[in-house]
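Some notes on the structure that comes next.
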Amino acid sequence: MVDVVLNTVRKSRGPWATAMARLWRDRTAMAALFMFLMILVLCLLAPVYASWAHMQPFKSTLDATITLNGQTVNVMEQSTEGLGLGYNPIGPTWQLGNYFLGADNQGRDVMSRLLYGGINSFLIAGAATLFTLFFATVMGLAAGFFGGFIDTVLSRVLDILWAFPIYLLAISLSIVLIAHGISLGPITIESGSLWLPIFIIGIVYIPYVARPIRGQVLSLRESEFVLAAIGLGVPSHRILFRDILPNVSTTLIVFVPLMMALNMLTESALSFLSIGVQAPDASWGTIIQDGQGLLYSRPLVALAPGLAIVLSVLTLNVLGDGLRDALDPRSKIKLGRG
Amino acid sequence: MLEVRDLKVSFRTEQGLVQAIDGVSFSVAEGEILGVVGESGSGKTVSLLAVMGLITDPNALIEGSIKYKGRELVGLNAKEMRQLRGREIAMIFQDPMTALTPVYTIGWQIAEQIRAHNKISAKAAELRAIELLAEVNIPNPAEAIHRYPHQLSGGMRQRAVIAMALSCNPSLLVADEPTTALDVTVQAQILDLVRKLQRNHKSAVVFITHDMGVIAEIASRVMVMYAGRIVERGSQSQLFSSPLHPYTKALLDSIPPLEGPKPHRLKSIPGAPPTLLNRPAGCAFAPRCVNRFEACINTPALTANGHDAACFRVNP
Amino acid sequence: MFLAIAQRLGQMLFVMLGISITVFLIFFATPGADPSARIAGRNASPEVLEAVRKSFGFDQPFYVQYLIMMKKIFISGDLTSFVNRGWKVVPAILDAIPVTLSLVIGAAVLWVIFAIIIGTVAAATRGSWLDKALMIMGLIGISMPVYWLGEVMNLITQSRFKDTWMFSWVPPLGYKNFSDSPKAWFLTLIIPWITLAILYIGLYARVLRANLIEAMQEDYVRTARAKGLSETRILLRHALRTSLISFITLFGLDFGALVGGAALLTEVVFDLHGVGKLTYEALLTLDLPVIMATVLYASIFVVLANALVDVIYIFLDPRVRTV
C-alpha cells in the first residue's frame with residue numbers, strides 16, 4: 001500500500017533529478033564526498049609539496065641532514081641498540097616540509113612519499129574500476145541481450161573466474177607478468193609499469209560486476225517495452241543503446257565508488273605483497289611494506305599510509321551507500337556476492 | 001462488535017503528508033459478513049490493516065477510534081494488541097504463495113499460532129492443526145501438516161492459511177482478497193469454505209474485494225470505498241437492486257449480465273482513480289462522474305439511514 | 001533429488017576443470033616470455049632451462065603440457081621447486097594446510113557468531129543510534145586492509161602494550177602445533193583470529209542486516225504479525241531463519257577462498273606458516289611451481305567448500321530438498 005503511494009510520488013520529477021536531490025540532502029554522503037575530494041586534492045599536490053620542502057621522495061638519502069630547532073640532525077641516526085649496526089631513520093618532527101612524518105629506512109621523507117603514493121593508489125584504483133566496468137558491461141550486455149551460445153560461453157567463463165579466490169587469481173597473474181611484462185600484439189606492457197596492476201585488478205573483478213549486469217539485462221530483455229521495440233523491428237544496437245544501457249547505467253554508477261574502494265584495498269594488498277606497484281614508484285601499500293621492518297621503532301611509516309587507505313576506502317564506501325540509497329531506494333540492485 | 005469511528009490514516013512522505021484514509025466509519029455486527037469493495041488504492045486494505053494494528057510504517061499516522069468489543073484499539077500497547085491479533089481477530093491475505101514462511105511446514109506454522117495464544121503441548125497443537133486442516137478440506141491432513149508451503153498448490157495453501165486464521169476461533173476474520181490470486185474454480189471453493197466456516201465458527205467476517213461478483217456471492221452488508229472514503233453502504237440487496245452512488249452504479253454496470261440480451265459493449269468508468277497525492281478537492285469521484293454538477297466541488301457527507309451514500313445527487 | 005546431486009557434481013567438476021585450465025593458461029600460455037624461464041626462476045642456467053622444458057613437455061602440444069602439469073600436481077605429486085633445488089612442493093602444501101585451517105576455522109566461528117548478533121541487533125533497532133553506530137563500525141571494519149590491521153595489532157600486543165596486564169599473555173609471533181600444546185596453539189591464534197574476523201564481521205553484519213530488513217517486508221512476516229507473535233520471535237524464527245540461507249551461500253564462498261589461500265595476508269603478518277605464507281614466500285623468490293600448486297589446491301578447497309554449503313543448504317532450505 002505504502003509502496004503504491006511512494007511510487008506515484010516519484011513520478012513527479014525526473015529520476016536523475018530526484019536521485020541527485022536525494023543525494024544532496026544525504027549529509028553523511030556529502031561529507032564523505034567532501035572528505036574524499038580533500039584527500040584526493042592533497043595527494044595531487046604531492047609535487048608541489050615535495051619541491052617546496054626540497055624533498056626527493058624517490059631517492060635514497062642516507063647521508064642527509066636537516067636543521068631542527070636550530071640544530072643540525074642526521075636523517076639516519078646510527079643505531080644505539082644491540083650491536084650498534086644499522087641506522088634508525090628520523091622520527092616525525094611534526095614540522096611541515098621538514099620530515100613531518102619522519103623518514104623511512106632509506107632516509108626518504110615519508111610525507112612526500114605518502115602524497116605521491118596516494119596518486120598511484122587512486123590512479124590504479126580508478127583506472128582499474130573503469131577497466132572492470134567497461135569489460136563487465138560489454139560482457140553483461142552481450143550475454144544478457146543476445147543469450148544463446150554467447151550467453152552460455154560468457155556465463156561459464158564468469159562462473160569460473162567467480163570461483164577463483166580474488167587474491168590467488170591476482171597473484172597468479174602478477175607473478176607471471178611482473179617479471180617479464182606482457183606483449184599482446186601491438187600492446188607491450190613493461191614489467192615495472194603501473195598498467196600491470198591496473199590490468200590485473202581490472203580483470204579479477206569483472207565477474208563481480210558482469211554477473212549482476214547480465215541478470216539485469218536479462219530481465220530488461222523480457223520487459224514489455226523492449227519486447228515491444230523488438231516487435232516493431234527496431235534494430236538491436238538501437239535497443240541496446242537507447243533502451244537497455246540507460247537502465248543499466250544506474251547500477252554502473254552505484255558500482256563506481258564501491259569498486260574504487262575494493263580496488264584500493266586490493267592494490268594496497270598486492271603492493272604489500274610486492275606484486276603491485278614496483279620500486280621506485282610508491283603506493284600506500286608499498287609504503288606500509290617499507291614500514292613493516294620499522295614497525296616497532298618508527299610505527300608511523302606503516303600507520304600513516306594505512307590510515308590514509310582506511311579514510312579513503314571508508315569515504316568511498318559511505319558515498320557508495322548514499323548513491324545506492326539515492327538511485328535505488330528499493331535496493332533492487334544486488335551488488336557483489338550479497 | 002467492531003466500531004470504527006472517523007478513522008484517518010496518513011503517511012509522511014517526501015512530498016508531505018498523504019491521506020490514505022480520510023474519515024472512515026463503519027461497524028461489524030457479530031456473525032455478519034461485511035463486504036468492502038473498491039479499486040486498488042481506494043484504502044480498503046489500509047483501513048483494515050489499521051484495525052489489525054498491522055501498519056508498521058513508522059511514517060504512518062492513525063487517528064480516530066477503533067473499538068473492538070468495547071475496547072479502544074487505537075493507541076493500545078503492542079503487547080495487548082498482539083494478544084488480540086490471531087486470537088480474537090485473524091486475517092487472511094491476498095497471495096497465499098508468499099503468505100507462509102517458506103522454511104517451515106504448514107503444521108508447524110499453524111501450531112505456532114495455537115501455542116502463541118494457548119498453553120498447550122506441542123503434541124496437542126499438532127493434533128489441533130490436523131483437525132483444522134481436515135476442516136478446510138485438505139485431503140490427508142495427518143500427512144499434510146508435514147508439507148512445506150512450496151509443495152502445495154495455491155488453493156491448498158490458501159486453505160492452510162485459512163486453517164491457521166481459524167486456529168484460535170477468532171470472533172472476527174478479515175479476509176483481504178483471499179480469492180484474487182486463485183483460479184476461478186478454486187475461488188468458488190474458497191468462497192464456499194469461508195461461508196461454511198463462518199456459519200460453524202459464528203465469526204464475523206470482513207471480506208475485502210474489488211470484485212462485485214464475489215460480493216454478490218458472500219456479503220450480507222456492503223461498503224463501497226473510493227479514494228480513502230466510503231461512498232456508499234447498505235445491505236447487499238439494497239446495493240444491488242437500487243444503488244445510490246454513481247460510482248456503485250458504474251461498478252455494477254461493468255459486470256456482464258447473466259440474463260437478457262448481451263450488451264454491445266460493457267460499460268467502463270472513464271478515467272482512472274486519483275492517486276493519493278492528486279486527489280481532487282470536494283467529491284473525489286467528480287472528475288469521472290457522469291452526473292456531476294456545481295455542488296460537487298464540495299465534499300459530500302455520508303447519510304446515516306441504513307442505506308447511505310456520499311453524493312449531492314442523493315443528499316443535496 | 002539424485003538428478004540435482006548429479007548436476008551439482010557435474011558443475012563442481014566443470015569449475016575445477018575450468019580453474020585448472022585457467023591456471024595452466026596463465027602460467028604457460030601468457031604471451032611475453034618463455035614458460036620454462038618462468039618456471040625455472042631468475043638467472044637459471046641453460047641446462048636447467050632445458051631440463052624444465054623437457055620435464056614439462058614444452059616442446060609438445062598444449063593439451064599434453066596440461067596433462068603433464070595435472071599429473072605432477074595431483075597424481076605423482078613430484079612437482080619440484082627450481083628455486084629451492086629439488087624441494088618437493090606437494091608435501092610442503094600438505095604440511096601447511098593444518099595451519100591455514102586452524103586460522104580460518106577459528107576466525108570463521110568468531111565472524112559468524114558476531115555477525116549474526118550484530119546484524120540482528122542492528123536490524124531490530126533499525127534507524128536508532130545503536131544501529132547507526134554498529135553499521136559505521138562494520139563499515140570501518142570493511143575499509144581496513146587486513147594486513148595493516150594485523151600490523152597495528154602486532155604493534156599493540158607485541159610492542160607498545162606487550163608488558164601491560166592486557167597483552168602480557170600474547171605469545172611471540174609464529175604457529176604452535178595443536179598436538180604439542182593446545183593452550184599455546186590457542187593463545188598464538190587469538191589475535192590472528194580476531195584480526196581476520198573483523199573484516200568479515202563488518203561485511204556479514206551489514207549483509208545480514210540488509211537481508212533481515214528485506215525479509216521483514218515480506219508477506220510471511222505480515223502473516224506472522226497477524227498471528228499475534230512477538231516481534232522478537234518474528235525476527236528470529238521467521239526473518240533470521242530465512243535470511244540465513246543467503247548468509248550461508250556467502251559464507252561458503254569466503255570460507256573456501258580463505259582456506260584456499262586468501263588468508264595469506266594474515267598469515268604473512270602473523271608469521272603463520274600456512275598455505276598463504278608458502279605462496280607469499282614463493283612470490284618473493286618467483287618460485288612458480290609452488291604458486292601453481294597452491295593455487296590449484298586452493299581451487300579444490302573452494303569447490304569443496306561450495307559443495308559443503310550445498311549440503312548445509314539442503315538442511316536450511318526445504319525448497320532445495322524437493323527439487
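All chains are named by letter (A, B, ...) in the order of the sequence lines, taking the proteins before the strands, and each is independently numbered beginning at 1.
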For chain C, which candidate among [options] shows the most heavy-atom pairs at distances under 4.5 Å?
{"options": "A:Thr315, A:Leu173, A:Leu311", "result": "A:Leu173"}
{"options": "A:Leu161, A:Leu169, A:Leu307", "result": "A:Leu307"}
{"options": "A:Leu303, A:Val157, A:Leu316", "result": "A:Leu303"}

Select one option (side chain, backbone, both, neither) describing which atoms of [X] are under 4.5 Å from chain A's heavy atoms.
{"X": "C:Ile140", "value": "both"}
{"X": "C:Ala282", "value": "backbone"}
{"X": "C:Ser299", "value": "neither"}

Rounded distance [0.5 Å steps], [atom1] in [X] versus [atom2] in [Y]:
{"X": "A:Thr28", "Y": "C:Ile136", "atom1": "OG1", "atom2": "CD1", "answer": "7.5 Å"}
{"X": "C:Leu283", "Y": "A:Ser274", "atom1": "CG", "atom2": "OG", "answer": "6.5 Å"}
{"X": "A:Tyr296", "Y": "C:Lys162", "atom1": "OH", "atom2": "NZ", "answer": "9.5 Å"}
{"X": "C:Leu155", "Y": "A:Leu300", "atom1": "CG", "atom2": "CG", "answer": "10.0 Å"}
{"X": "A:Ile171", "Y": "C:Leu264", "atom1": "CD1", "atom2": "CG", "answer": "4.5 Å"}
{"X": "C:Gln158", "Y": "A:Leu295", "atom1": "CD", "atom2": "CG", "answer": "10.0 Å"}

With a 4.5 angstrom heavy-atom cut-off, could you sort out which part of [X] is near chain C: side chain, backbone, both or neither?
{"X": "A:Ser172", "answer": "both"}
{"X": "A:Ile275", "answer": "side chain"}
{"X": "A:Val318", "answer": "both"}
{"X": "A:Ala269", "answer": "both"}
{"X": "A:Ile166", "answer": "neither"}

Do you know which of [options] has the most heavy-atom pairs with chain A at a distance under 4.5 angstrom?
{"options": "C:Phe27, C:Trp148, C:Phe14, C:Phe301", "result": "C:Trp148"}
{"options": "C:Leu149, C:Asn154, C:Leu258", "result": "C:Asn154"}
{"options": "C:Val295, C:Val303, C:Val15", "result": "C:Val295"}
{"options": "C:Val23, C:Thr279, C:Ile21, C:Ile291", "result": "C:Ile291"}

Report the residues that fulfil salt bridge (Lys or Arg N to Asp or Glu O under 4.0 Å) with C:Asp219, sequence neighbours left out, ordered by chain and then residue number.
none
Residue list, salt bridge (Lys or Arg N to Asp or Glu O under 4.0 Å) with C:Arg160, at least two apart or on another chain:
none
If you define the side chain from C-beta out and look only at heavy atoms, does anything of [X] sit under 4.5 Å from [Y]?
{"X": "C:Val269", "Y": "A:Phe272", "result": "yes"}
{"X": "C:Ser143", "Y": "A:Leu265", "result": "no"}
{"X": "A:Asp321", "Y": "C:Arg206", "result": "yes"}

Is a donor on one side and an acceptor on the other found under 3.5 Å between the side chain of C:Tyr147 and the backbone of A:Gln289?
no
Non-hydrogen atoms of A:Ile175 and C:Leu288 that approach each other most closely:
CG1-CD1, 3.4 Å
